[in-house]
Amino acid sequence: MLTAIADVLRAIGHAIATVVSLPFRAVARLFGGAADTAHGHH
């Protein structure tokens, strides 16, 4: 019973971490591109 609850919580935590990390990754890529253009690397 407790292991099943732990598995569910772990799965929920993994899903939340994935959903949260996606926008940060997109923003990091966006800022990375902006920084590249600002430095004139393109």
Side-chain angles (χ1 to χ4, degrees):
M1 179 65 183
L2 287 178
T3 53
I5 294 173
D7 285 342
V8 170
L9 289 178
R10 195 175 297 122
I12 291 172
H14 184 73
I16 291 174
T18 302
V19 170
V20 167
S21 67
L22 283 176
F24 278 114
R25 204 169 300 156
V27 169
R29 191 178 304 148
L30 194 86
F31 276 113
D36 285 345
T37 52
H39 287 295
H41 283 298
H42 286 286

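Bear in mind the structure is a predicted one, so any value in this text is a computation, not a measurement. The figures that follow rest on heavy atoms only: side chains count, while hydrogens, waters and symmetry mates do not.
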Chemist: What pairs of residues pass the salt bridge (Lys or Arg N to Asp or Glu O under 4.0 Å) test when at least one of them lies in residues 14-24, not counting sequence neighbours?
Modeler: none
Chemist: Holding to salt bridge (Lys or Arg N to Asp or Glu O under 4.0 Å), I want the full list of residues that pass it with Arg10, two or more places apart in sequence or in another chain.
Modeler: Asp7
Chemist: The criterion is side chain to side chain contact (heavy atoms under 4.5 Å, CB included); which residues satisfy it with Leu9, sequence neighbours excluded?
Modeler: Ile5
Chemist: Would a single hydrophobic cluster contain both Ile12 and Val20, if residues Ile, Leu, Val, Met, Phe, Trp and Tyr are joined by side-chain heavy-atom contacts under 4.5 Å?
Modeler: yes
Chemist: Is it the case that one hydrophobic cluster holds both Leu22 and Leu30, taking links as side-chain heavy atoms less than 4.5 Å apart, direct or via other members?
Modeler: no
